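All remarks here apply to the structure that follows.
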Amino acid sequence: MAYRLGRGRRRRRSIPLSDLPRKAAVLISGSGSNLQSFIDKSACGDIDLDLCVVFSNKPDAYGLTRAREAGIPVECLKHGDYPDRESFDRAVAAVLDRYSPDLIVLAGFMRILSPWFVQHYAGHILNIHPALLPAYPGLDTHQRVLDAGEKWHGSTVHFVTEELDGGPRILQGRLAVNPGESAKELCRRVQAVEHQIYPEAAHWFGQGRLEFRDGAAWLDGGLLKDPVVTQYS
Ligand code: GAR
């Protein structure tokens with residue numbers, strides 16, 4: 001069960017937005033359970049986004065199978081085939097741009113993006129990170145939270161900037177850490193939260209309610225100084 005704790009207009013953008021429904025490219029590296037939540041909510045008409053392509057840097061990512069089964073075009077380039085980060089990112093963007101995405105959804109895409117890529121899609125990239133940012137950027141968040149004896153954990157949807165896990169926060173799902181629970185169980189619970197909050201935040205973008213402006217996130221025309229927080233039990 002979820003309950004909300006607390007809480008734009010369109011302006012000039014670096015790339016043009018299409019008419020509704022807006023198009024989202026989903027980038028994955030692995031299982032794609034977040035991608036599946038987008039597929040399911042899209043099938044129910046719960047999100048105003050056309051999932052135009054799913055891209056992976058790993059050919060064996062299970063998320064590609066999920067996309068194929070949903071009839072979404074898939075694309076894959078292996079980062080190891082490119083001499084450096086930016087040349088790979090330029091190749092990825094060349095593929096993605098064939099689909100004219102309005103939004104790039106990073107859903108377990110385990111690559112650090114080059115400044116070039118972030119600038120190319122400036123203000124149009126969302127990420128989900130499994131922690132209550134700004135706490136616990138980086139990897140292995142669940143174990144680090146347990147090791148620190150934290151009472152609260154969760155996940156954060158944010159706009160992507162050149163600062164790793166540091167862009168403006170939009171929506172957080174928060175839950176209490178249960179006594180004695182394992183990192184695996186905590187991860188499972190956090191991911192269940194992610195499957196609610198990520199499509200919701202992306203839906204806001206799809207509706208034109210959410211935008212990145214002046215280095216900040218804006219929702220319904222108001223500056224999001226702090227993210228919207230939803231608490232889960
Ligand atoms: C998600 O939990 C997401 O928060 C995390 O990877 C997982 C992907 O799961 N992302 C990061 O750690 C990015 N720093 P999925 O492939 O099942 O959606």
Side-chain angles (χ1 to χ4, degrees), residues 24-43 47 49 51 53-70 72 74-76 79 85 89 92 103-114 117-118 121 125-147 150 152-175 177 181-203 227 229-230 232:
V26 184
L27 276 54
I28 61 163
S29 296
S31 155
S33 68
N34 277 285
L35 165 66
Q36 189 67 52
S37 72
F38 276 76
I39 292 171
D40 294 344
K41 289 188 187 290
S42 177
I47 51 173
L49 281 174
L51 305 179
V53 62
V54 171
F55 174 88
S56 178
N57 61 319
K58 300 211 168 164
D60 57 350
Y62 181 62
L64 291 176
T65 302
R66 297 181 192 268
R68 285 190 193 97
E69 287 176 355
I72 302 169
V74 301
E75 301 279 358
C76 183
H79 56 268
R85 191 173 299 281
D89 283 1
V92 174
L103 180 66
I104 307 296
V105 175
L106 306 180
F109 186 61
M110 303 309 276
R111 295 274 309 162
I112 293 173
L113 300 174
S114 62
F117 190 93
V118 174
Y121 296 112
I125 312 176
L126 295 181
N127 183 42
I128 191 156
H129 179 75
L132 297 174
L133 292 171
Y136 300 100
L139 298 174
D140 204 18
T141 57
H142 310 301
Q143 191 59 56
R144 288 160 59 208
V145 161
L146 289 175
D147 291 346
E150 300 282 4
W152 296 97
H153 189 30
S155 193
T156 306
V157 181
H158 65 95
F159 278 113
V160 171
T161 61
E162 290 181 29
E163 183 186 353
L164 183 66
D165 298 329
R169 299 166 302 154
I170 300 160
L171 177 57
Q172 286 186 326
R174 195 171 89 132
L175 44 72
V177 177
E181 79 179 317
S182 65
K184 189 175 173 190
E185 173 61 7
L186 189 54
C187 174
R188 187 195 65 74
R189 294 173 60 228
V190 167
Q191 288 205 332
V193 168
E194 292 185 334
H195 301 161
Q196 301 303 315
I197 64 172
Y198 206 6
E200 182 173 13
H203 176 60
V229 179
T230 303
Y232 291 81

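Everything numeric in this text was worked out from a predicted model, so none of it was measured. First listed ligand is number 1; within each ligand, the first listed atom is number 1.
- In terms of protein heavy-atom proximity, atom 17 (O) of ligand 1 is closest to S33 OG, 2.6 Å.
- Residue Y136 forms a side-chain hydrogen bond (donor to acceptor under 3.5 Å, both in side chains) with just one option from H129, R144, E150, and that option is E150.
- Backbone and side-chain nitrogen or oxygen atoms of N34 are examined, and one is located within less than 3.5 angstrom of a nitrogen or oxygen of ligand 1.
- Taking all heavy atoms of G32, P130, P137, G108 into account, the minimum distance to atom 12 (O) of ligand 1 is reached by P130.
- Contact analysis puts M110 in contact with ligand 1, with a non-hydrogen atom separation below 4.0 angstrom.
- Looking at E185 and R188, a side-chain N of the basic residue comes within less than 4.0 Å of a carboxylate O on the acidic one, giving a salt bridge.
- Among protein heavy atoms, the minimum distance from atom 14 (N) of ligand 1 is reached at H129 ND1, 3.5 Å.
- Looking at atom 7 (C) of ligand 1, its nearest protein heavy atom turns out to be Q191 NE2, 3.7 Å.
- Nearest heavy-atom pair across I170 and A201 is CG2-CB, 4.3 Å.
- Atom 4 (O) of ligand 1 has as its closest protein heavy atom E194 OE2, 2.5 Å.
- Using modelled atom types and a 3.5 Å distance limit, the side chains of R66 and S31 yield a donor-acceptor pair.
- A pairwise comparison of heavy atoms in S155 and E194 identifies OG-OE2, 2.8 Å as the closest pair.
- Protein heavy atom in closest approach to atom 10 (N) of ligand 1: I128 O, 3.7 Å.
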Please test K41 against E200 for salt bridge (Lys or Arg N to Asp or Glu O under 4.0 Å), starting from the C-alpha separation and ending with a verdict. CA-CA 9 Å; K41 289 188 187 290; E200 182 173 13; over 6 Å; no
